[in-house]
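The figures that follow rest on heavy atoms only: side chains count, while hydrogens, waters and symmetry mates do not. Everything numeric in this text was worked out from a predicted model, so none of it was measured. Counting begins at 1 with the first residue of the sequence.
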Amino acid sequence: MSGFAYEMAIAFAGMLADSAAKNVVSVPCGVEPLRFGIVVHRDAQRHAVPPSVAGSAVAGVTVHDHLNAWRGGYVQHDAVNVLDLGTIWVRAGGVCTPGKAVKYADDGTVSDGAARALPNAVFVGGDQTIPGGFDEPAVRLAQIRLGYPLAT
């Protein structure tokens, strides 16, 4: 499919979901490229890295950046926008149940059945498939809230 989709998609990976309070920090990208809308970690050098990197700790979720959209994400030395407080659309790797605590996989996607818990994060809406456009495939997304003190 080329050109514009018949209808505008309701969201895209890494899109901020509302205008409530949020916090976005800039973190230098490590060696591995990072897609928009995934959970990322920080390594010992404080670079943004995938969760699969040993010895790293949770940083937040990568925010979509229109300047890097043509590449599909961030590459080494880019300033990665990482949301650590607020509501955002993320890539879903499986079923996501509203109200449940967020879990994530080594590739940064979220789902109910993933192995790692994302501290103080909750699913706001269930997972849904968003149609693609401009020769891009459809993507499965879920909305999560970071910094939610009641998440278990």
Side-chain angles (χ1 to χ4, degrees), residues 7-30 32-53 55-131 133 136 138-152:
E7 294 180 353
M8 181 184 290
I10 62 166
F12 48 86
M15 179 177 141
L16 299 173
D18 60 24
S19 60
K22 60 185 59 56
N23 188 58
V24 177
V25 295
S26 293
V27 181
C29 188
E32 293 186 52
L34 300 170
R35 298 185 303 168
F36 301 128
I38 62 167
V39 177
V40 291
H41 281 202
R42 283 189 182 173
D43 64 10
Q45 290 77 38
R46 315 259 319 140
H47 294 117
V49 296
S52 58
V53 173
S56 60
V58 175
V61 174
T62 54
V63 178
H64 184 273
D65 181 345
H66 292 288
L67 294 176
N68 291 311
W70 63 277
R71 283 194 297 229
Y74 299 100
V75 296
Q76 187 175 20
H77 305 302
D78 281 346
V80 179
N81 296 319
V82 177
L83 182 81
D84 60 11
L85 172 70
T87 308
I88 189 167
W89 288 91
V90 297
R91 295 178 186 273
V95 174
C96 302
T97 305
K100 287 189 79 171
V102 176
K103 294 181 181 176
Y104 65 100
D106 282 347
D107 65 358
T109 60
V110 300
S111 70
D112 290 346
R116 303 175 188 213
L118 186 58
N120 297 321
V122 67
F123 288 110
V124 176
D127 58 292
Q128 51 191 296
T129 301
I130 308 298
E136 298 214 4
V139 63
R140 190 173 185 179
L141 300 177
Q143 196 178 129
I144 67 170
R145 180 171 297 127
L146 298 166
Y148 186 72
L150 302 178
T152 55

Who passes side-chain contact (heavy atoms from CB on, under 4.5 Å) against Asp106, sequence neighbours left out?
Ser52, Arg116

Pairs satisfying salt bridge (Lys or Arg N to Asp or Glu O under 4.0 Å), at least one member in residues 122-131, at least two apart:
Asp127-Arg140

Of Thr62, Val24, Val63, Asp18, the one forming a side chain to side chain contact (heavy atoms under 4.5 Å, CB included) with Ile88 is Val63

Got a sec, which pairs hit ring pair (Phe, Tyr, Trp, His ring centres under 6.0 Å) with one end in residues 80-123, sequence neighbours left out?
His41-Tyr104

Any residue meeting side-chain hydrogen bond (donor to acceptor under 3.5 Å, both in side chains) with Arg145, in chain and number order, not counting sequence neighbours:
Thr87

Residues in side-chain contact (heavy atoms from CB on, under 4.5 Å) with Ile130, at least two apart?
Ala9, Ile10, Gln128, Val139, Leu141

Quick one: CG on Asn81 to OG on Ser26, what's the gap to the nearest 0.5 Å?
5.0 Å

Between Pro98 and Val124 the two heavy atoms that sit nearest each other are CB-O, 3.9 Å

Nearest heavy-atom contact between Pro51 and Ser56 is O-OG, 4.1 Å

Can you list every pair that meets salt bridge (Lys or Arg N to Asp or Glu O under 4.0 Å) and has a residue in residues 37-51, with sequence neighbours left out?
none

Could you pull out all residues at least two apart from Thr109 that satisfy side-chain hydrogen bond (donor to acceptor under 3.5 Å, both in side chains)?
Asp107

Could I get the full list of side-chain contact (heavy atoms from CB on, under 4.5 Å) partners for Lys103, not counting sequence neighbours?
Ala114

His47 meets the ring pair (Phe, Tyr, Trp, His ring centres under 6.0 Å) criterion, sequence neighbours left out, with none

Can you find a pair of side-chain heavy atoms, one from Val39 and one from Val90, that are under 4.5 Å apart?
no

Atom OG in Ser111, atom NZ in Lys100: separation rounded to 0.5 Å?
9.5 Å

Salt bridge (Lys or Arg N to Asp or Glu O under 4.0 Å): which pairs involve residues 77-99, sequence neighbours left out?
Arg71-Asp78

Identify the heavy atoms of Val75 and Cys29 that sit nearest to each other, and give their distance.
O-CB, 3.2 Å

What residues form a side-chain contact (heavy atoms from CB on, under 4.5 Å) with Gln76, not counting sequence neighbours?
Val31

Within the structure provided, determine whether Leu118 and Leu146 are in side-chain contact (heavy-atom separation under 4.5 Å).
yes

